[in-house]
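Worksheet: one structure, shown below.
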Amino acid sequence: MTEAPRDSDERTERSLNFIEQIVDEDIAAGKNGGRVHTRFPPEPNGYLHIGHAKSICLNFGLADEYGGQTNLRFDDTNPVTEDTEYVDSIKNDVRWLGFDWENEFYASDYFEQIYQFAETLIQKGLAYVDDSTAEEISAQKGTPTEPGRLNQYRDRSVAENLDLFRRMRAGDYPDSAKVLRAKVDMASPNMQLRDPIIYRIKHAHHHRTGDAWCIYPMYDFAHGQSDAIEHITHSLCTLEFEVHRPLYEWFIQQLELFPSRQIEFARLNLTYTVMSKRKLKQLVEEKHVSGWDDPRMPTIAGIRRRGYTPASIREFCDRIGIAKRDNLIDVGLLEFCIREELNRTAPRLMAVLDEKPLKLVITNYDLGREEIMHIENNPEDPSAGVRDVPFSREVYIERDDFMENPPKKFFRLFPGGMVRLKGAYIIKCEEVVKDNAGEIIELRCTYIPESRSGSDTSGINVKGTIHWVSVPHAVEAEVRLYDRLFSVENPAADERDFKELINPNSLETVRAFVEPALVAATRSGSLTNVQFMRKGYFILDADSTDALPVFNRTATLKDGWAKEQKKG
RNA sequence: UGCCCGAUCGUCUAAGGGUAGGACGACAGAUUUUGGUUCUGUUUGUGGAGGUUCGAAUCCUUCUCGGGCAACCA
């Protein structure tokens, strides 16, 4: 059940990623009776980001493709970092992305079962209680090139281990006094197998189980077990868990559990941003951004507030593919995905984004005269209709749309030059008015009465069309222009601290004058994505007030003129 | 340097013994009342060296490079 089903026709047309190939093979081999059951397993200790979206689309998409199911499972085994605030935001974000989970589970639902698994391991002589300190355990673990050492606790009897472990559960010991370890192989070349800790004592309040427990299983002793309990067929995770897979399978084997199959894929990296939860949290806590939902953040909440749509994110996740090699995706691809959608769907409007817009006075247009222009809402979609746009003797235009000494190929306005005011008339710039400081304060123009849009009999062809807003009808707004949060492509690979790499110009707030229809449309309720003609895609922000609407720039339009200029 | 994983256009991603293809980007042109969109075209790639084979991106060996693993985090 998702908004983005993949039908079988599409499936045969496109190539399969390596995970789909594995699933195909598993089905062909008759595993699990052809059943496909995945899960999305976030830890509720932070907000979801675009990297999680990749995982969500993968897990839900795969189940959907094979007629299977996906569970939402919170990996909540560390009560000190987890919180219901995160649980709620995660559920909200997954739903917003367009996915519905089959079951909502929590690793904490299984604490009793997992505890019993631990006792089973002890009974089989495959786990022991260790009184060593964290430092001692670390030291005894060895290094990647030297084997670990065995300690005296490793030889405790089953009875003693059982007694000790039960007393750990009963709360007889303070935090960190003892741990339960799996007895695997202290000399294994795989560090994960050197008697990993599977239970630790934490007298901490858990967001779901409250104070029922003072011992909590570690990831390795909870994740695979949870997969098994839920009969997950394919357990998809990121590459860093690859070395955990032998342990994952060891537990399954020793405990004789349902054999879920863990498959690892490369996590998403995006240019000009960071994806680590720790760093994102730091940006929020140290106020480098306004919050988890700051529109510059790569979080789902931030991207949503920025104006991205669920479909555009799904499209992005589809396009980046699934593989095992490390990758750094050009954020331009994300922008392409939202432009592609919004070009089709976003109503066009006119807004002049300028602290000091240029006033243009049409000297041969009667004082006090007004006309209503009917301008198409979306040239890509005739069914979007037209809207009324008031026109008058004085209009604002962008300062960038006028140049006193234009270079070659400048199609906009200049002294003696002509342009069309979008949806209205062709005008000619007759005079430039400056103040004492030499700054242009006004353009005096004439219009061609026969050139009215839609009934143009003037026969005049102009190269440029610019947008405008009638001065007496203009509504003031605040517009937030966002740019990449970091000034280097790959902050994670830089030697400098990532906070030194923050782009100081990632947010520019400007005053804008917008056409009245815009305010009416956006105030009517839904946060609709719009295009400010020639400027980009924007969305109304929740910070808006009745007095001052606020718009976030989702993405710019491609700017061929800027490119032309760069060429020199 | 112990173990594991990986390496294909600038960036992603296909091809799994039989013509290296797609997307994004870039470049050029056409269209355009958004320097947007759309359309057309162009450019660029199998990390190195050996081997197997009629034939290798694909299989083998080796080298190089990149990533991961030594939390009572996940």
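Below, read A as the first sequence line, B as the second, and so on, with proteins coming before strands; counting in each chain starts at 1.
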Could you list the protein-to-nucleotides 39-41 of chain B atom pairs, N/O on both sides, closer than 3.5 Å?
none

Rounded to the nearest angstrom, tell me the gap between atom [atom1] in [X] and atom [atom2] in [N].
X        : N     : atom1 : atom2 : result
A:Gln531 : B:U37 : CD    : P     : 10 Å
A:Met418 : B:U33 : CE    : P     : 17 Å
A:Glu264 : B:A74 : CD    : C1'   : 15 Å
A:Phe40  : B:A74 : CZ    : C1'   : 12 Å
A:Met168 : B:C72 : CE    : C1'   : 9 Å
A:Phe265 : B:C12 : CZ    : P     : 17 Å
A:Asn327 : B:C12 : CG    : C1'   : 7 Å
A:Glu136 : B:C72 : CD    : P     : 13 Å

Open item on the list: Quick check, does A:Trp561 stack with B:G35? I mean ring centres under 5.5 Å and planes off by under 30°.
Closed with: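 The ring of A:Trp561 is stacked on B:G35.
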
At 4.0 Å (heavy atoms only), tell me whether [X] reaches a base, stays on the sugar-phosphate, or touches nothing.
X        : value
A:His223 : nothing
A:Glu380 : base
A:Glu340 : nothing
A:Leu328 : sugar-phosphate
A:Ala134 : base
A:Thr77  : sugar-phosphate
A:Ile466 : nothing
A:Pro379 : base
A:Gly423 : base
A:Ser138 : sugar-phosphate
A:Lys463 : nothing
A:Phe410 : base
A:Gly454 : base
A:Ser132 : base

Open item on the list: With a 4.0 Å limit, can you tell me whether A:Gln21 has a side-chain N or O closer than that to the phosphate oxygens OP1/OP2 of B:A14?
Closed with: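 No, outside the criterion.
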
Open item on the list: Can you tell me if A:Lys408 touches the phosphate of B:G35, counting only side-chain N or O atoms and a distance under 4.0 Å to OP1 or OP2?
Closed with: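 The answer is no; no side-chain N or O of A:Lys408 sits under 4.0 Å from OP1 or OP2.
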
- [ ] Map A:Met533 and A:Lys54 onto RNA chain B by nearest heavy atom, then report which one ends up closer to the 5' terminus.
- [x]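 Looking at the nearest nucleotide for each, A:Lys54 comes out on the 5' side.
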
Open item on the list: By nearest heavy atom, map A:Gly560 and A:Asn45 onto RNA chain B; which one lands nearer the 5' end?
Closed with: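 Closest to the 5' end, via its nearest nucleotide, is A:Gly560.
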
Gap in Å between the two [atom1] atoms, one belonging to [N] and one to [M], rounded:
N     : M     : atom1 : result
B:C24 : B:U40 : P     : 12 Å
B:U11 : B:G45 : C1'   : 12 Å
B:G25 : B:C9  : C1'   : 11 Å
B:G51 : B:U43 : C1'   : 35 Å

Can we call the ring centroids of [X] and [Y] under 6.0 Å apart?
X        : Y        : value
A:Tyr248 : A:His244 : no
A:Phe74  : A:Tyr106 : yes
A:Phe538 : A:Phe532 : yes
A:Phe391 : A:Tyr425 : yes

Task: Shortest side-chain distance from A:Asn17, nucleotide among B:A14, B:U37, B:A74 - done: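 Shortest atom-to-atom distance from the side chain points to B:A14.
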
Task: A:Met191 side-chain proximity, nearest of B:A70, B:C73, B:G36 - done: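 From the listed options, B:A70 comes nearest.
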
Open item on the list: Please enumerate all residues that pass side-chain hydrogen bond (donor to acceptor under 3.5 Å, both in side chains) together with A:Asp175, with sequence neighbours excluded.
Closed with: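 side-chain hydrogen bond (donor to acceptor under 3.5 Å, both in side chains) check on A:Asp175 returns nothing, list empty.
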
Flag the pair [X] / [Y] as yes when at least one side-chain heavy-atom distance between them is below 4.5 Å, and no otherwise.
X        : Y        : result
A:Arg200 : A:Ile215 : no
A:Arg194 : A:Gln192 : no
A:Leu333 : A:Arg319 : yes
A:Arg412 : A:Trp561 : yes

Among all residues two or more places apart in sequence or in another chain, which pass the side chain to side chain contact (heavy atoms under 4.5 Å, CB included) test with [X]?
X        : result
A:Ala177 : A:Tyr173, A:Pro174
A:Thr446 : A:Thr363, A:Asn364, A:Lys428, A:Glu430
A:Ile303 : A:Ile50, A:Tyr308, A:Ile313
A:Pro379 : A:Arg348, A:Glu376

- [ ] Give every residue pair that meets the salt bridge (Lys or Arg N to Asp or Glu O under 4.0 Å) criterion with at least one member in residues 451-460 of chain A, sequence neighbours excluded.
- [x]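 As it turns out, the salt bridge (Lys or Arg N to Asp or Glu O under 4.0 Å) pairs with a partner in residues 451-460 of chain A, which skip direct neighbours, are A:Glu371-A:Arg452, A:Arg420-A:Asp456.
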
Task: Base B:U33 to side chain A:Ser453, donor-acceptor N/O within 3.5 Å cut-off - done: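 Side chain to base: pair found, below 3.5 Å.
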
- [ ] Give a yes or no on whether a donor-acceptor pair under 3.5 Å exists between the nucleobase atoms of B:U34, that is its base, and the side chain of A:Arg534.
- [x]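 Donor-acceptor pair under 3.5 Å: no.
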
Task: Electrostatic pair A:Arg261-A:Glu249, nearest N-O below 4.0 angstrom - done: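 No, this pair does not count.
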
Any N/O pairs under 3.5 Å between the protein and nucleotides 25-31 of chain B? List them or say none.
| residue | atom | partner | partner atom | Å |
| --- | --- | --- | --- | --- |
| B:A26 | OP1 | A:Lys563 | NZ | 3.1 |

Open item on the list: Checking A:Lys178 now: which residues fulfil salt bridge (Lys or Arg N to Asp or Glu O under 4.0 Å) with it, not counting sequence neighbours?
Closed with: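 For A:Lys178 the salt bridge (Lys or Arg N to Asp or Glu O under 4.0 Å) partners, ignoring immediate neighbours, are A:Asp131.
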
Open item on the list: For A:Asp381, give me all partners under salt bridge (Lys or Arg N to Asp or Glu O under 4.0 Å), at least two apart in sequence or on another chain.
Closed with: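 With sequence neighbours excluded, A:Asp381 shows a salt bridge (Lys or Arg N to Asp or Glu O under 4.0 Å) to no residue whatsoever.
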
Open item on the list: Give the dot-bracket line for RNA chain B from 5' end to 3' end: parentheses for intra-strand Watson-Crick or G-U pairs under 3.5 Å, square brackets for crossings, | for inter-strand pairing, dots for unpaired.
Closed with: .((((((..((((....[..)))).(((((.......)))))....(((((..]....))))))))))).....

- [ ] Have a look at A:Tyr216 and tell me which of A:Tyr199, A:Phe111, A:Phe221 forms a ring pair (Phe, Tyr, Trp, His ring centres under 6.0 Å) with it.
- [x]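 Exactly one candidate clears the test, A:Phe111.
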
Between N or O atoms, less than 3.5 Å apart, protein on one side and nucleotides 3-6 of chain B on the other: list the pairs.
| residue | atom | partner | partner atom | Å |
| --- | --- | --- | --- | --- |
| B:C5 | O4' | A:Glu242 | OE1 | 3.4 |

